[in-house]
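For reference, the structure is listed below as structure tokens.
First listed ligand is number 1; within each ligand, the first listed atom is number 1.
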Amino acid sequence: MTVRRSWAEPWKIKMIEPIRMTAPEHRQEAIREAGYNTFLLQSDDVYIDLLTDSGTSAMSENQWAGIMLGDEAYAGSRSYRHLCEAIEEIYGYPETVPTHQGRGAEHILSQILIRPGDVIPGNMYFTTTRFHQEYAGGKFVDVIIDEAHDPASTHPFKGNVDLAKLAAVVEEHGAERIPYICPETNVNLAGGQPMSMENLRQVWEFCRPLGILVMLDATRALENAWFIKQRETGYQDRSVREILKEICSYSDGATVSSKKDNLVNIGGFLALRDPELARRARALLVAFEGLQTYGGMSGRDMEALARGIREMVETDDHVRARVGQVEYLGRLISEAGVPIVVPVGGHGVFLDARAILAHLPQDHFPAQALAAALYVDSGVRGMERGIVSAGRNKETGDHNRPRLELVRLTIPRRVYTQSHMDVTAESVAAVYAEREQVRGLRFTYEPPDLRFFQARFEPIEA
Ligand SMILES: *Cc1c(COP(=O)(O)O)cnc(C)c1O
């Protein structure tokens with residue numbers, strides 16, 4: 001008989017934030033008022049908020065202490081220096097360009113490197129990344145492996161770049177039209193799926209002789225490092241700190257949204273090796289973000305961020321607990337027989353709404369309806385990632401019909417306990433047991449762009 005050995009979070013709770021418990025009748029009314037769109041709920045009406053893991057982390061006592069020590073000098077802030085030191089030490093980049101959040105860094109990078117007509121390959125698009133590439137006159141081309149689009153494929157590195165696809169893009173457009181490639185670590189829209197170190201190295205070795213820069217989206221590089229440690233031969237005995245540094249060694253720079261891995265509520269940066277490129281970035285920074293020594297963050301933001309960067313890799317225990325909690329929720333939901341995307345990724349569990357609500361056609365928005373039903377059942381807030389998020393085809397006016405019709409349950413870092421995960425899994429199982437009761441939805445208001453944020457719906461009568 002094997003002895004059971006549980007593990008728990010490597011922290012204890014010093015300060016708590018009360019959350020409101022509500023009755024089903026209250027939630028029924030709240031979701032109706034929100035037009036059956038979880039984005040339009042008031043957070044006071046939410047019990048367990050799994051809408052996003054962006055900017056929702058809990059800071060440590062050390063970070064809060066840093067808030068009090070932030071240097072608010074307009075120029076030459078000591079907190080900026082601390083941030084530069086942390087980034088150089090942990091990520092390995094000598095040049096730090098601070099920004100208000102990830103998209104600020106993407107904006108600056110796109111503006112300094114992309115000329116109209118250029119092509120930027122990447123492993124599946126990210127919304128703001130692609131926006132800024134196109135805004136600068138470039139075109140995004142997806143070079144992720146095919147397995148990333150299949151919810152049932154158990155490939156261990158579903159975030160990998162397909163080198164044959166990349167070579168074909170170079171063949172078609174010529175290396176001179178490709179200023180850089182943007183490999184995203186732990187690909188968000190694929191469900192938090194990692195790249196392997198081998199793949200990162202191959203991309204680097206392929207691009208260097210062609211003069212194509214490698215600019216990582218390293219927003220979720222820590223979670224990616226953890227998966228490399230778990231799944232890639234030769235990394236079992238390396239610390240995530242070492243692995244993260246090696247990931248970044250195969251790149252010329254990176255954009256980072258610090259609202260994710262870095263354990264702060266706001267912030268981001270562009271990090272570079274080339275001082276000349278950094279000089280050009282800073283010239284734009286002062287116009288769009290702020291002076292080069294704060295770039296849209298306050299001194300205390302930078303101080304808490306510098307501490308968050310060191311803390312995330314101080315030992316492997318933090319990331320083990322972070323990804324472990326996501327896996328824990330995934331396992332509970334899976335064991336209840338509910339179909340989810342596998343393997344479970346780094347930041348959330350994705351429910352397969354198409355399979356769960358098989359009685360609803362995709363045009364009745366099964367994932368939207370499932371997210372609303374889950375909220376009414378327990379006050380757990382997830383978000384739709386399916387046909388509503390995919391929007392309409394600009395030419396035909398018809399819905400884009402993505403293969404993946406999902407409800408995303410995203411877990412904030414260090415905020416909820418395993419008991420909150422138990423409650424969430426039990427609620428998913430309860431809704432699943434009553435799934436035939438869930439009715440489809442139709443629009444009562446459909447915004448022209450990014451419709452998922454503000455759209456309103458009503459149930460379709462049986
Ligand atoms: C969140 C995110 C961004 C954008 O960052 P913001 O801080 O929200 O502007 C970019 N890339 C990835 C992979 C992200 O998860």
Side-chain angles (χ1 to χ4, degrees), residues 39 50-57 83 87 91 97-111 120-136 140 142 144 148 158-161 180-195 200 214-227 244 247-248 251 253-271 285 288-290 295-297 301-302 304-305 308-309 312 322-323 326 345-348 350 383 385 389 408-413 450 452-453:
F39 275 101
L50 307 184
L51 189 73
T52 174
D53 67 337
S54 177
T56 52
S57 299
L83 177 60
I87 290 171
Y91 288 92
V97 180
T99 58
H100 76 287
Q101 59 185 85
R103 67 199 69 182
E106 293 168 347
H107 178 213
I108 304 290
L109 179 71
S110 302
Q111 292 295 328
I120 302 90
N123 45 349
M124 201 173 269
Y125 80 98
F126 186 76
T127 49
T128 56
T129 318
R130 187 176 67 185
F131 173 89
H132 280 296
Q133 291 165 354
E134 291 173 352
Y135 188 67
F140 166 84
D142 188 7
I144 203 166
K158 278 168 111 170
N160 276 355
V161 166
Y180 66 97
I181 177 174
C182 179
E184 182 187 331
T185 49
N186 244 41
V187 182
N188 190 341
L189 292 196
Q193 302 292 336
M195 299 179 72
L200 278 155
V214 177
M215 292 294 176
L216 289 179
D217 181 337
T219 296
R220 298 169 184 280
L222 173 70
E223 288 162 9
N224 200 122
W226 175 252
F227 284 122
L244 175 61
I247 288 174
C248 297
S251 72
T255 57
V256 170
S257 164
S258 297
K259 302 173 73 171
K260 325 290 169 61
D261 278 353
N262 294 163
L263 299 167
V264 288
N265 304 116
I266 194 72
F269 58 88
L270 167 63
L285 192 79
F288 287 103
E289 299 278 319
M297 283 182 281
D301 289 340
M302 292 189 287
L305 172 53
I309 288 170
M312 72 180 186
R322 191 284 184 278
V323 178
V326 178
H347 65 294
F350 292 70
M383 83 153 81
R385 275 293 177 234
S389 294
R408 185 178 95 175
L409 303 175
T410 337
I411 308 192
R413 296 166 187 77
L450 295 175
F452 59 96
F453 282 128

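- Salt bridge R413/D53: present, at least one basic N to carboxylate O contact under 4.0 Å.
- Scored by the side chain to side chain contact (heavy atoms under 4.5 Å, CB included) test, F39 finds N37, L51, M383, F452, F453 as partners (sequence neighbours excluded).
- Judged as a salt bridge (Lys or Arg N to Asp or Glu O under 4.0 Å), and not counting sequence neighbours, R408 has no contacts.
- The aromatic rings of F131 and Y135 lie parallel to each other, with less than 30° between the two planes, well short of the 60° mark.
- No hydrogens or angles considered: a donor-acceptor pair under 3.5 Å links the side chains of N188 and H347.
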Contacts table for ligand 1: protein N or O within a distance under 3.5 Å of ligand N or O, distances only.
unit_1	atom_1	unit_2	atom_2	d
ligand 1	5 (O)	S257	OG	3.4
ligand 1	7 (O)	Q101	NE2	3.4
ligand 1	7 (O)	G102	N	2.9
ligand 1	7 (O)	S257	OG	2.6
ligand 1	8 (O)	Q101	NE2	3.3
ligand 1	8 (O)	R103	NH2	2.9
ligand 1	9 (O)	Q101	NE2	2.9
ligand 1	9 (O)	G102	N	3.4
ligand 1	9 (O)	R103	N	2.8
ligand 1	9 (O)	R103	NE	2.7
ligand 1	11 (N)	D217	OD2	2.7
ligand 1	15 (O)	N188	ND2	3.0
ligand 1	15 (O)	R220	NE	3.2
ligand 1	15 (O)	R220	NH2	3.4
ligand 1	15 (O)	K260	NZ	2.7

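- Taking T255 as the reference, A105, E106, L109, D217, L270 meet the side chain to side chain contact (heavy atoms under 4.5 Å, CB included) condition, with sequence neighbours excluded.
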